[in-house]
Participant: 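My questions all concern the structure below.
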Amino acid sequence: MEVTTEKKSLLSNLTVQIVIAMCCGAFLGIYIHNTLGEEDAQSFSDKIKMLATVFIRLVQMIISPLVFTTLVVGIAKLGDIKAVGRIGGKALGWFFSASFVSLLIGLFWVNTLQPGVGLKLGSVDVSTATEVTEKTQGFSAQNFVEHIIPKSIVEAMAGNEILQIVIFSIFFGLAAASIGGNAKPVINALDKTSHIILKMVNYVMKFAPIGVFGAIAGVFAIKNVNDLLVTYAKFFSSFLVGIGSLWLFLLVIGYLFLKGQMTTLLKRIVSPLVIAFGTTSSEAVFPKLTEELERFGVKDKIVSFMLPLGYSFNLDGSMMYMTFASIFIAQVYNVPLTIETQMVMLFVLMLTSKGIAGVPRASLVVVAATCGMFKIPVEGIALILPIDHFCDMFRSATNVLGNALATSVVGKWEKDS
């Protein structure tokens, strides 16, 4: 009982520390923005953001070995290809259903609220979209397949390509399971390695408040938040309505499956949610989320199988934003899109968005590529770049919630079956 209380206390303290760090970072950033010149503020932002970079790189350092060791051990414990296929089928069924609903919610609210209709942003510098639009060149089915299938596990691990690591780990785990007793020494070694890495997570998470502080201070130092939110009030408020609707949907669905356990789950994932929100990186909480879901009661073999897949196939917040942003740009440029065309766009987004986790600014890259396909000016990405960081905070937290629910629900299905 004392150990449980201590763990809860540590979780609570971490969450409080992160929230305090967010507030302090915002105050410091606003103060710097209001007192220093643009060049000095930019210099300050670049330096203070190094705190966030250090934290995220510490997390990235352990993601590849954690995914590999836990997934191989999990598959080996499942025992056979039928069990992997059964859980994988349930996972993909959930992922594609959640993705479809997320896209549909974005589609509904952007058409209902029409935040881009009549909006004039003549002062927007379209050259700011160059970095994103360059990444859409060659965005094709061939590149999609090449991104999913690894040509080298070493290269995949070096680049933290989660989906590629998942593909290799599934083959490795199935091969180990088929060998039987002879593979036990290897599986035991990987199992012990995964526990060591999870212990490292506790050390890394101590840097979370510092990382969040640096990320928030760096953003607020170079952005005039008041002017930005006034300019984008209709877009941002409409986006919040959409993301709020998605949260409501996810929480209701989660409650239908988990009942009273839903409250316990939310308490468990408060810390990962806040970290993802502050750093705009759902990847930054992958190890912590793994640990918390196991503490929640989901079997380690389910967590190790579901989470890596979820981080590639189940980015609910990003999915909602993709339809919302694509049609918003079309509205600004007065590009007519029939409902039929929008539904085709929805299915295109459903496919093209899979497997790009880990690509910098992945949501914007997909939006830019989709705009190009449907004759919407790709440079329109520049319209949403100034506000994208704040939207990304909500997207990242939503992605974490969606993956936590998916893993918990599939874990319950497996327990009940």
Side-chain angles (χ1 to χ4, degrees), residues 92 95-119 121 126 129 132-145 147-148 232 234-236 238-243 245-246 249-250 312-357 359 361-385 387-388 391-392 394-395 398-399 402:
L92 292 178
F95 294 161
F96 278 94
S97 299
S99 294
F100 181 77
V101 171
S102 301
L103 290 165
L104 210 55
I105 287 174
L107 190 72
F108 172 79
W109 284 114
V110 77
N111 279 292
T112 301
L113 301 175
Q114 298 188 325
V117 174
L119 187 65
L121 294 173
V126 295
V132 176
T133 53
E134 283 178 352
K135 293 175 185 174
T136 65
Q137 296 175 2
F139 194 83
S140 62
Q142 179 181 345
N143 289 335
F144 174 70
V145 172
H147 188 79
I148 290 177
Y232 286 90
K234 192 175 182 183
F235 172 82
F236 193 60
S238 300
F239 166 75
L240 290 181
V241 170
I243 211 77
S245 301
L246 179 54
F249 169 79
L250 290 172
S312 297
F313 289 104
N314 191 46
L315 304 174
D316 298 331
S318 299
M319 300 297 285
M320 177 265 158
Y321 184 75
M322 288 174 194
T323 45
F324 189 91
S326 300
I327 297 173
F328 168 78
I329 294 169
Q331 289 174 353
V332 173
Y333 284 95
N334 294 313
V335 177
L337 296 173
T338 64
I339 292 299
E340 291 79 9
T341 303
Q342 291 184 34
M343 291 305 294
V344 172
M345 180 186 290
L346 185 149
F347 284 106
V348 168
L349 285 166
M350 173 84 81
L351 296 174
T352 56
S353 62
K354 301 306 179 188
I356 62 162
V359 176
R361 311 192 91 160
S363 297
L364 291 177
V365 172
V366 175
V367 169
T370 304
C371 287
M373 293 178 197
F374 289 87
K375 311 302 180 187
I376 302 168
V378 177
E379 61 269 19
I381 288 292
L383 298 171
I384 57 178
L385 277 177
I387 196 74
D388 182 69
C391 294
D392 201 11
F394 291 91
R395 293 200 305 261
T398 307
N399 292 340

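Throughout, numbering of the chain's residues begins at 1 and tracks the sequence. Owing to the predicted nature of the structure, the values given are computational and were not obtained by experimental measurement.
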Participant: Any donor-acceptor pair under 3.5 Å linking the side chain of Ser326 with the backbone of Thr323?
Facilitator: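 Side chain of Ser326 to backbone of Thr323, a donor-acceptor pair under 3.5 Å: no, none is there.
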
Participant: List the steps and the verdict of side chain to side chain contact (heavy atoms under 4.5 Å, CB included) for Ile384 and Tyr232.
Facilitator: CA-CA 9 Å; Ile384 57 178; Tyr232 286 90; 5.5 Å; no

Participant: Do Asp388 and Arg395 have side chains that get closer than 4.5 Å, going by heavy atoms?
Facilitator: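 Asp388 vs Arg395: side chains touch.
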
Participant: Verify side chain to side chain donor-acceptor pair (under 3.5 Å) between Trp109 and Ser245, making sure each step is shown before the conclusion.
Facilitator: CA-CA 9 Å; Trp109 284 114; Ser245 301; 2.9 Å; yes

Participant: Roughly how far, to the nearest 0.5 Å, is CZ of Phe95 from CG of Asp316?
Facilitator: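 It is 9.0 Å, given to the nearest 0.5 Å.
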
Participant: Could you tell me the separation between the CD atom of Gln114 and the NZ atom of Lys234, rounded to the nearest 0.5 Å?
Facilitator: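 It comes to 7.0 Å.
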
Participant: Tell me every residue that passes ring pair (Phe, Tyr, Trp, His ring centres under 6.0 Å) with Phe239, counting only those two or more places apart in sequence or in another chain.
Facilitator: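 Ring pair (Phe, Tyr, Trp, His ring centres under 6.0 Å) list for Phe239, sorted by chain: Tyr321.
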
Participant: Find the distance between CD1 (Ile327) and CG (Asn111) and round it off to the nearest 0.5 Å.
Facilitator: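 If we round to the nearest 0.5 Å, Ile327:CD1 and Asn111:CG are 5.0 Å apart.
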
Participant: State, with a plain yes or no, whether a side-chain heavy atom of Leu337 is found less than 4.5 Å away from one of Met345.
Facilitator: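 Side-chain contact under 4.5 Å: yes.
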
Participant: The test is side chain to side chain contact (heavy atoms under 4.5 Å, CB included); show your working for Leu103 and Phe347 and say whether it passes.
Facilitator: CA-CA 9 Å; Leu103 290 165; Phe347 284 106; over 6 Å; no

Participant: Nearest 0.5 Å please: distance from the OG1 atom of Thr398 over to the CD1 atom of Ile243.
Facilitator: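 That separation rounds to 3.5 Å.
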
Participant: Please report the C-alpha distance between Leu349 and Val367 in whole Å, then the side-chain angles of each, then the deciding distance to 0.1 Å, and finally whether the side chain to side chain contact (heavy atoms under 4.5 Å, CB included) criterion is met.
Facilitator: CA-CA 8 Å; Leu349 285 166; Val367 169; 5.6 Å; no

Participant: Without swapping roles, check the side chain of Gln331 against the backbone of Val110 for a donor-acceptor pair under 3.5 Å.
Facilitator: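 Confirmed, Gln331 side chain pairs with Val110 backbone.
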
Participant: Verify, without hydrogens or angle tests, whether Asn399 (side chain) and Asn314 (backbone) share a donor-acceptor contact under 3.5 angstrom.
Facilitator: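 Side chain of Asn399 to backbone of Asn314, a donor-acceptor pair under 3.5 Å: no, none is there.
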
Participant: State the CZ-CE distance between Phe394 and Met320, to the nearest 0.5 angstrom.
Facilitator: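 Phe394 CZ to Met320 CE: 11.5 Å, rounded to 0.5 Å.
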
Participant: Distance check, rounded to the nearest 0.5 Å: Ile376 atom CD1 versus Tyr333 atom OH?
Facilitator: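 It comes to 11.0 Å.
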
Participant: Does a side-chain heavy-atom distance below 4.5 Å link Phe235 with Leu383?
Facilitator: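 Side-chain contact under 4.5 Å: no.
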
Participant: State whether a side-chain donor-acceptor pair under 3.5 Å links Ser102 with Ser99.
Facilitator: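 Short answer, no.
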
Participant: List the steps, then state whether side chain to side chain contact (heavy atoms under 4.5 Å, CB included) holds for Val335 with Lys375.
Facilitator: CA-CA 8 Å; Val335 177; Lys375 311 302 180 187; 5.8 Å; no

Participant: Is there side-chain contact between Phe328 and Ser238, with at least one heavy-atom pair below 4.5 Å?
Facilitator: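 Of all side-chain heavy-atom pairs linking Ser238 with Phe328, none is under 4.5 Å.
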
